[in-house]
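Questions regarding the structure given below will be posed in turn.
Residue numbers begin at 1 in each chain, while the letters A, B, ... track the order of the sequences. Quick caveat, the model's predicted, so the values are computed rather than measured.
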Amino acid sequence: MTTQATVIRRLVIGVGNDFRGDDAAGLALVRRLRGSLPNGTVTREVTGDAAGIIEAWQGFDEVVIVDACSSGEEAGALFRFDAVGGAVPEQVLRECSTHAVGIANVIELARTLGRLPPTLTVFAIEGTVFSTGAPISHDVSLAVDSLAAQLRQEWSRVQRKRT
Amino acid sequence: MSSVHAMENALGITVDGPLRALRRLLYCGEWIESHALHVYLLHAPDFLGYEDAIQIARDHPAVVQRALQLKKIGNEIVATLGGREIHPINVRVGGFYRVPAKSELTPLLDRLQWARDASVETVRWAATLPFPEFEPDYEFVALRHPDEYPINEGRVVSSTGLDIAVHEYEEHFFEEHAKHSNALRSVHKNHGAYHVGPLARYNLNFDRLSPVAQSAARDAGLTNVCRNPFKSIIVRGVELVQACDEAVRLIQEYTMPGQAAVPVVPHAGTGYGCTEAPRGILYHRYRLDEQGIITEAKIVPPTSQNQKQIESDLRQFVASHIDLPDEKLTWQCEQVVRNYDPCISCATHFLKLHIERE
């Protein structure tokens, strides 16, 4: 078996708004990862409507979505969901989009259409500051660093197993 | 786009030829991605009795697949020209940072021709939906260009006879702050509320639609005037046809310009810009100092321009439908708001209606 054949086609999607404090957590995560991505892994930022990602993830073996959430947990708390196995709990990724369709709805839309990727993992980072123009809070920034390190480790372990 | 137009106006720069065509193409992409999303995933559930697009997908998967395909081609145009699918970053004062070779655009042609056909089908399908009887006596406001369906530029005209240059906008329109709301509401002086967006563009510019878009509208039973805001779903379909048709033409006629932007020399000045965003006219004004730094800015987005009209529609609609059960009235009032695709309507239920019947 060649190394080429074992490369996982992986898409990492960061969701958020750069101008709303901790809401930018998903964007910060994909920016942290860039420059040190395994072969076959690409990133994408979603700053508005998410409906386009159903088309974007076609052909990928594995999709990772990272978004901020506001569930009442402590700032920086990390949630992980296997979205192929079941719906992302609404109380975590609440839907209140503008003229757009949000992540949780897009995942359910794709499930209904039979267009989920083989693997879809959603990470949600608990935010605390969402006001206009605010920077990402310290706790969330640490959580982003920690998740970036965790993902690199996981991918490296998987890659070692496959090779 | 309104912002760069306003800056170019302040600096005395004219962007024309292929650079202007590329900007028009970029806007076509934005219209396609925005209208496809709103027509199928946000507006259609209202008419079909579904809570959301997920329920439509269960019963009519082909319809939702069509929406996603349409949206994808819009996204691709914006990504190719704008650098990314939402909030483009490649546009600059004077033109673009980088312009595509024709070979980067021609691969879009086949799918745009499919999208044009799919949009004609969208109009046909939207016309079969059930529409409440509701035709307020609107003042429509939109841009009007001598020979194009308005997208990038034109004079500001209205159905009551207003016909002004963009720089005269603030002599005729102002924003007010109502006690009951935290949103600014734009008002036409001595007239009141007004309606911007697809319905306004259509009513003021039917004669500027391409033959294929006009034909799609007529086949759907529309005349050149449509006052029912619920039927904006059909009109958005007509504008999808227009945007796809226009995009095909722009790509076919495109030749790569020798420079990505015309030279820009910063200096003091004041500039005005107004374009037709998918939801209606978007006005920008900037004052620049000698270094070209913005010292004063005014932006009036379409949602602010429609805000007063949305409130007026709600009052009128509730008064004439007060006999409906509370739940149905709430739902239809949400539709009244969603007709405008404003920046305040969620994809799911958002309206709290407190009804006091006397």
task = Find the distance between NZ (B:K71) and CD (A:E55) and round it off to the nearest 0.5 Å.
result = 10.5 Å
ask   = How long is the gap from CG on B:L68 to CG on A:L109, to the nearest 0.5 Å?
value = 6.0 Å
ask   = Can you name the nearest heavy-atom pair linking A:E108 to B:I54, along with the distance?
value = CB-CD1, 3.5 Å
query = Side chain, backbone, both or neither: which part of A:R111 has a heavy atom under 4.5 Å from chain B?
reply = neither
message = Report which part of B:Q69 has an atom under 4.5 Å of a heavy atom belonging to chain A: side chain, backbone, both, or neither.
response =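 The answer is both parts of B:Q69.
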inquiry  = Please determine whether the number of non-hydrogen atoms from other residues, nucleotides or ligands lying under 6.0 Å from atom CG of A:N39 exceeds 12.
reply    = no
inquiry  = Please classify the contact of A:I54 with chain B as side chain, backbone, both or neither, using a heavy-atom distance under 4.5 Å.
reply    =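 Contact with chain B is through the side chain of A:I54 alone.
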ask   = Between B:A57 and A:L113, what is the shortest heavy-atom contact and its length?
value =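 Scanning both residues, the minimum pair turns out to be CB-CD2, 3.8 Å.
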message = Tell me whether A:E74 at atom CD has more than 12 heavy atoms from other residues, nucleotides or ligands lying less than 6.0 Å away.
response =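 No - once you tally the heavy atoms of other residues, nucleotides and ligands closer than 6.0 Å, there are 12 at most.
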